[in-house]
Amino acid sequence: MTGTGTERTGAAAGEADLAYLTGFGNEHSSEAVPGALPEGRNSPQRAPLGLYAEQLSGSAFTEPRAHNHRSWLYRIRPSAAHPPYVRVARRGVRSAPFTDSVPDPNRLRWDPLPEPQEPTDFLDGLWTLGGNGDATRRTGMAVHLYYANSSMTDRVFGDADGELLIVPESGTLLLHTEFGVLRAAPGEVALIPRGVRFRAVLTGPNARGYVCENYGRPFQLPDLGPIGANGLANARDFRAPFAAYEDTERPVEVVNKFCGNLWSATYDHSPLDVVAWHGDHVPYVYDLHRFNVIGSISYDHPDPSIFTVLTSPSDTPGLAGVDFVVFAPRWLVGEDTFRPPYFHRNVMTEYMGLIEGAYDAKTGGRGGFVPGGGSLHNMMSAHGPDRETFERASAAELAPQKIDDGLAFMFETRWPLTLTDQARQADHLQRGYDDVWQGLQRHFRP
């Protein structure tokens, strides 16, 4: 059976019109059955309704309060009640440290991930492009893509190595988590914290997208500095699920990603059996179209840092382990300004993907930058608008212009990104990406 929270309005868990708790970083609480949450304490001698009390810690106990994340779960069976795990094949999944090759300074771009030829769920459809750092030391990140044409049935996945930022490009995912159900459609992102188990269910024939696996500090909203109290991603627009539990007596495969490998155990019940919970180590979904874009209203194209949705800080202030950046619909009004992103070399490494439409600095179409595709510009690799974009923007009339026909994003990281062999040798790697900058003419007139 499936239980749904009394606070929920409308649909039962799993349907499209889900209701949510709102607010990023809030101390949320929810119960699928009235009276399931204990009052006044976290771990009473006997938890209500015969449940087990269990704490899920996303940080060390002694980290500062502002960085301390944990949730209390009240579940039908404790997580400790499971058989031994056995190591299983990783298929397309890889983890840091990445040693297949050396970091490549060349600009690289890929077409969308090809559709699998056999039934493939979200987990089996994960395909690692590359990354940096070391998962065992909780530093760095990895870029994955996924293509699924079937739902995860009697199968649950959890990642002990890091949190997962899921960016759907086509097809909607229903993410049944220990905390409840999230619906993630193209144009939205879902954030699954480290260790939280979930099952991905397709609402259509297939689903495709991107995943950032963050080994480091959990994502947080960036500081706003001179912007002030409002702008960028608003905390209130992040949505957490109401409690919804599964009470099953059939075998369920539980796959755990641990130190780069996949480990599997067959439970005699579903681990998504949390009847009530409270805390701030919770999954979220966020609509990227709600991003409050800050931009120039005088001259010059501002640095892309103003498009940061979430950041994973490092030990150096302002230098992120990974930033998640979105190029959302916005107005361009700068005077005497080259409006697309400028030519650039960056100490940070940039992986860019496209969710819908076109990106204003790249030409789309066959062999170009298209939804589901991606580009990699490692640190100090020169990049910028392609020749066609440069020529068009240099001659354009500078009337106010609304950019509303595309939604692109970027995973930006402090370290170079090393490719996996499967990404370096992929058939969908565009071998002629450098050609987009050929033909840029000499215009110098001393």
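Note: F24 and Y284 have parallel aromatic rings, judged against thresholds of 30 and 60 degrees for the angle between ring planes. Taking the six-membered ring where tryptophan is involved, the planes of F411 and Y351 are essentially parallel, since the angle between them stays under 30° and well short of 60°.
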Check against side-chain contact (heavy atoms from CB on, under 4.5 Å), E246 and V252:
CA-CA 11 Å; E246 298 177 353; V252 175; over 6 Å; no
Q. Is there a side-chain contact (heavy atoms from CB on, under 4.5 Å) between L407 and V326 once you walk through the steps?
A. CA-CA 7 Å; L407 189 63; V326 64; 3.8 Å; yes
Next on the checklist: Would D323 and T311 count as a side chain to side chain donor-acceptor pair (under 3.5 Å) here? Give the steps.
Outcome noted: CA-CA 4 Å; D323 283 331; T311 184; 2.5 Å; yes
Exercise. List the steps, then state whether salt bridge (Lys or Arg N to Asp or Glu O under 4.0 Å) holds for R345 with E350.
Key: CA-CA 10 Å; R345 290 182 295 163; E350 304 172 3; over 6 Å; no
- Message: Is there a side chain to side chain donor-acceptor pair (under 3.5 Å) between E249 and H269? Walk through the geometry before answering.
- Response: CA-CA 5 Å; E249 299 294 339; H269 63 280; over 6 Å; no
Legend entry - Verdict with reasoning, E178 to L73, per side-chain contact (heavy atoms from CB on, under 4.5 Å): CA-CA 9 Å; E178 292 179 86; L73 313 178; 4.0 Å; yes
Take S79 and E54, measure what side-chain contact (heavy atoms from CB on, under 4.5 Å) needs, and give me the verdict at the end. CA-CA 8 Å; S79 293; E54 175 181 294; 2.7 Å; yes
request  = Evaluate side chain to side chain donor-acceptor pair (under 3.5 Å) for S264 paired with E253, printing each intermediate quantity in order.
outcome  = CA-CA 7 Å; S264 173; E253 182 191 17; 2.8 Å; yes
Walk me through whether E163 and N214 qualify under side chain to side chain donor-acceptor pair (under 3.5 Å). CA-CA 5 Å; E163 61 183 341; N214 175 26; 2.8 Å; yes
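Here E27 pairs with R70 in a salt bridge; the nearest charged N to carboxylate O distance falls below 4.0 Å. Using a cutoff of 4.0 Å between basic side-chain nitrogens and carboxylate oxygens, R155 and D124 are scored as salt-bridged. Contact check on R194 versus D159 returns no salt bridge, with no Lys/Arg side-chain nitrogen under 4.0 Å from an Asp/Glu carboxylate oxygen. Remark: D273 does not engage R197 in a salt bridge, criterion side-chain N to carboxylate O under 4.0 Å. Comment: E63 does not engage R217 in a salt bridge, judged by the lack of any side-chain N to carboxylate O separation of less than 4.0 angstrom.
Side chain of N378 to main chain of D104: a donor-acceptor pair is present (N/O by atom type, distance under 3.5 Å, no hydrogens or angles). With T337 contributing its side chain and E335 its backbone, the two residues share a donor-acceptor pair below 3.5 Å. Between the side chain of N346 and the backbone N or O of M348 there is at least one donor-acceptor pair closer than 3.5 Å. Looking only at distances, no side-chain donor or acceptor of Q422 sits under 3.5 Å from a matching main-chain atom of L129. Judged by distance alone, with hydrogens and angles left aside, the side-chain atoms of D280 form no donor-acceptor pair with the main-chain N or O of N26 at under 3.5 Å. Here the side chain of R75 pairs no donor or acceptor atom with the backbone of W277 at under 3.5 angstrom. In this structure a side-chain-to-backbone donor-acceptor pair under 3.5 Å is present from S151 to L202. Under a 3.5 Å cut-off, the side chain of T413 and the backbone N or O of T349 do not form any donor-acceptor pair. No side-chain donor-acceptor contact under 3.5 Å links T308 to the backbone of L310. A donor-acceptor contact shorter than 3.5 Å links the side chain of D287 to the backbone of H289.
Side-chain contact between I166 and L173: present, with at least one pair of heavy atoms (C-beta onward) separated by less than 4.5 Å. The side-chain heavy atoms of P186 and E169, taken from C-beta on, include no pair separated by under 4.5 Å. Considering only heavy atoms from C-beta on, L262 comes within 4.5 Å of F157 through its side chain. Y286 has its side chain out of reach of L191: every pair of non-hydrogen atoms, C-beta onward, lies at least 4.5 Å apart. The closest side-chain heavy-atom distance from P385 to P341 is not below 4.5 Å. Considering only heavy atoms from C-beta on, V167 stays 4.5 Å or farther from V211 through its side chain.
Contact record, A408 with L354: CB-CD1, 3.8 Å, taken as the closest heavy-atom pair. When every heavy atom of G216 is checked against every heavy atom of S312, the shortest pair comes out as C-OG, 4.0 Å. Annotation for G295 and P302: closest pair CA-CG, 4.3 Å, computed over non-hydrogen atoms. Residue F219 comes nearest to C212 through the heavy atom pair CZ-SG, 4.3 Å, listed as atom of the first residue, atom of the second, then distance. What you find for L21 and S30 is that their closest heavy atoms are CD1-CB, 4.2 Å. In this structure, S59 and H69 approach most closely via the heavy-atom pair OG-N, 2.8 Å.
No hydrogens or angles considered: a donor-acceptor pair under 3.5 Å links the side chains of T136 and D134. Judged by distance alone, the side chains of K257 and S95 do bring a donor and an acceptor atom under 3.5 Å apart.
Ring centroids of Y359 and F327 are separated by less than 6.0 Å, placing the two rings close together. In this structure, Y210 has its ring center under 6.0 Å from that of F409. Taking the ring centroids of W127 and H428, they lie under the 6.0 Å cut-off. Residues H383 and H344 bring their aromatic ring centres within 6.0 Å.
A side-chain contact (heavy atoms from CB on, under 4.5 Å) with F179 is found for one member of I192, V274, V196 and no other, namely V196.
For the pair R77 and Y267, the cation-pi test (distance below 6.0 Å, angle within 45°) is failed.
Within 6.0 Å of CZ in R138 there are 12 or fewer heavy atoms belonging to other residues, nucleotides or ligands. Heavy atoms of other residues, nucleotides or ligands lying less than 6.0 angstrom from CG of D223 number 12 at most. Counting non-hydrogen atoms of other residues, nucleotides and ligands closer than 6.0 Å to CZ of R236 gives a total of 12 or fewer. More than 12 non-hydrogen atoms from other residues, nucleotides or ligands lie less than 6.0 angstrom from OH of Y85.
In this structure, CZ in F122 is found 14.5 Å from CZ in R208, a value given to the nearest 0.5 Å. Rounding to the nearest 0.5 Å places CG of N68 at 9.0 Å from CZ of F61. With rounding to the nearest 0.5 Å, the separation of NE2 in H176 from OG in S270 is 10.5 Å. For the atom pair NE2 (H301) and CZ (F338), the distance works out to 9.0 Å, reported to the nearest 0.5 Å. Atom CG in L108 sits 9.0 Å away from atom OG in S375 (nearest 0.5 Å). The OG1 atom of T120 lies 14.0 Å from the OH atom of Y146; values are rounded to the nearest 0.5 Å.
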